[in-house]
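Letters A, B, ... mirror the listed sequences (proteins, then strands); counts begin at 1.
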There are 2 protein chains.
Amino acid sequence: MLAAFGRVAEVGFEGLRLRQVAEDVGIDHSTLHHHFATKQDLVLAVAEYATRQFWVLGEGPADPVRALRAHLAGLLRMLDERPELFAVTVELDLRARRDPAVAEAMARHQAGWREVLSAVLAAGNAAGAWRAPLDVAVTTELVIAVVKGVRLAPETAGAVFAQLEDALIGTRGEQS
Amino acid sequence: MLAAFGRVAEVGFEGLRLRQVAEDVGIDHSTLHHHFATKQDLVLAVAEYATRQFWVLGEGPADPVRALRAHLAGLLRMLDERPELFAVTVELDLRARRDPAVAEAMARHQAGWREVLSAVLAAGNAAGAWRAPLDVAVTTELVIAVVKGVRLAPETAGAVFAQLEDALIGTRGEQS
DNA sequence: TAGGCTCAACCAAGTGGTTGGTGGAGATGC
DNA sequence: GCATCTCCACCAACCACTTGGTTGAGCCTA
């Protein structure tokens, strides 16, 4: 019953109404309580659904440069095809400040992401793939910041990602 | 009466209650309506107050490198001293998706920011101050994305900004 | 007298959540 | 076959409470 996710994307958590969600699914709002005891449970389910969507980005190529490019390309495609997903992510980041349960879900999500990125960046260091050796931890945060910062502006994402790649990798080649 | 801002920072727009705001100021909630006809007006006032806070970042040094560093340093200090301000900004970005008035306010805000950044980056291009000539428009978006992406994670901002400077400026010197 | 602020009381429209009950599918016993 | 029982998804009605907003009257200063 995670069509509730759609509502969050549309009206945000602020406008999330159990009755509306129930109607979307075609059931009574009291029936909804049968599946999610409380509104908080629904929110949490949305959070976990949303973060799970990023699992598709799994492992990339072994080559660090191509792995980084693939990672960003994957995000870019998602950003293009499912912008609401990223909007909800912003919403969740914000909500995590007040809702410990959401905070924990998002922390898990980001820990995984951070791990993937760090691995790629460290591998690139080992292979001398970057313009210069990188501080893995900090660069990870930089990449995350860029992605997060671009979530609500999908139009600019493509160019920004390319620029970021340029800044990290030395190559100035244009890729498809 | 922009102590309402504090409430937004604390509970977000989702939890913003006119009665609570009024109580903070020590007046009745109906009196609040005397100053802000509608809740929307209050929200808009908060939006304009919040964006106005960034005016203090005005002009920087003439030298592009120092201007960029000063710009980021200024943001970093604000991020450190008034993290709520940035949290509210995120909240506003999100709200702008549904509220045209807020959207317009944020658009104005960002247009100004974009202008400042573009000017600095273009000046740096002219002076050959960067590691390599930059695409001004795209790099502007990149910097904006980084700043936006770091709004909810002030701890990482310092290192991330430094890394960004490193990537744009060629110098590898450590600054205070 | 007039005008700006203030409040108490009120209102309609929701809000999340609860309760008691209906009907159908599947298992069980005979 | 048939009655029974249990579980599950479901709903209508309801509840206590909150919300943004309105009204009318008082207060104070000019």
Side-chain angles (χ1 to χ4, degrees), chain A residues 1-50 84 87-88 90-106, chain B residues 1-50 84 87-88 90-106:
Chain A
M1 309 292 185
L2 299 179
F5 166 85
R7 277 290 155 187
V8 179
E10 190 179 331
V11 295
F13 286 110
E14 179 179 355
L16 187 64
R17 297 292 174 260
L18 294 185
R19 283 172 160 86
Q20 183 65 62
V21 173
E23 187 182 331
D24 289 350
V25 191
I27 62 177
D28 189 84
H29 93 279
S30 59
T31 304
L32 194 61
H33 277 292
H34 190 77
H35 299 276
F36 302 94
T38 160
K39 188 180 186 179
Q40 159 88 344
D41 288 351
L42 216 208
V43 169
L44 213 57
V46 170
E48 263 156 35
Y49 168 80
E84 359 76 49
V88 172
V90 179
E91 210 104 35
L92 286 167
D93 270 348
L94 219 33
R95 198 180 178 89
R97 297 180 66 227
R98 293 156 211 135
D99 185 331
V102 172
E104 203 228 351
M106 294 307 282
Chain B
M1 309 292 183
L2 298 180
F5 166 84
R7 277 290 154 188
V8 179
E10 190 180 329
V11 296
F13 285 110
E14 180 179 355
L16 186 63
R17 297 293 174 259
L18 294 186
R19 283 171 161 85
Q20 182 67 63
V21 173
E23 187 183 332
D24 290 351
V25 192
I27 61 177
D28 189 83
H29 86 105
S30 58
T31 304
L32 194 60
H33 277 290
H34 192 78
H35 299 277
F36 302 94
T38 160
K39 187 181 186 178
Q40 159 89 342
D41 289 351
L42 216 207
V43 169
L44 214 57
V46 170
E48 262 154 38
Y49 168 80
E84 357 77 48
V88 171
V90 179
E91 210 103 34
L92 286 168
D93 270 348
L94 220 33
R95 198 181 178 89
R97 297 180 67 227
R98 292 154 211 138
D99 184 332
V102 172
E104 202 228 352
M106 294 307 283

Within the pair [X] and [N], is there a side-chain N or O less than 4.0 Å away from OP1 or OP2?
{"X": "T31(B)", "N": "dC5(C)", "answer": "no"}
{"X": "H35(A)", "N": "dC10(D)", "answer": "yes"}
{"X": "H34(A)", "N": "dA9(D)", "answer": "yes"}

What is the distance, rounded to the nearest whole Å, between atom [atom1] of [X] and atom [atom2] of [N]?
{"X": "F36(A)", "N": "dT18(C)", "atom1": "CZ", "atom2": "P", "result": "16 Å"}
{"X": "H33(A)", "N": "dG17(C)", "atom1": "NE2", "atom2": "P", "result": "5 Å"}
{"X": "I27(A)", "N": "dA9(D)", "atom1": "CD1", "atom2": "P", "result": "10 Å"}
{"X": "E23(A)", "N": "dG14(C)", "atom1": "CD", "atom2": "P", "result": "13 Å"}
{"X": "L32(B)", "N": "dC7(C)", "atom1": "CG", "atom2": "C1'", "result": "13 Å"}
{"X": "R19(B)", "N": "dT18(D)", "atom1": "CZ", "atom2": "C1'", "result": "7 Å"}
{"X": "F13(B)", "N": "dG20(D)", "atom1": "CZ", "atom2": "P", "result": "13 Å"}
{"X": "E14(B)", "N": "dG16(C)", "atom1": "CD", "atom2": "C1'", "result": "13 Å"}

Decide yes or no for [X] and [Y]: does some side-chain heavy atom of the first lie under 4.5 Å from some side-chain heavy atom of the second?
{"X": "F13(B)", "Y": "L94(B)", "result": "no"}
{"X": "R17(B)", "Y": "K39(B)", "result": "yes"}
{"X": "F36(A)", "Y": "V43(A)", "result": "no"}

Just to be sure I understand the rule, does G26(B) reach a base, reach only the sugar-phosphate, or reach nothing, if contact means heavy atoms closer than 4.0 Å?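 Counting heavy atoms under 4.0 Å across all strands, the contact made by G26(B) is with sugar-phosphate only.
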Donor-acceptor pair under 3.5 Å: do we get one between [X]'s side chain and the base of [N]?
{"X": "H29(A)", "N": "dG17(C)", "answer": "yes"}
{"X": "S30(A)", "N": "dA13(D)", "answer": "no"}
{"X": "R17(B)", "N": "dG20(D)", "answer": "no"}

Evaluation steps, salt bridge (charged side-chain N to carboxylate O under 4.0 Å, His left out), between E14(B) and R95(A): CA-CA 9 Å; E14(B) 180 179 355; R95(A) 198 180 178 89; 3.0 Å; yes
Atom pair OG1/CG of T31(B) and L18(B) - distance to nearest 0.5 Å: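 If I round to the nearest 0.5 Å, the distance is 12.0 Å.
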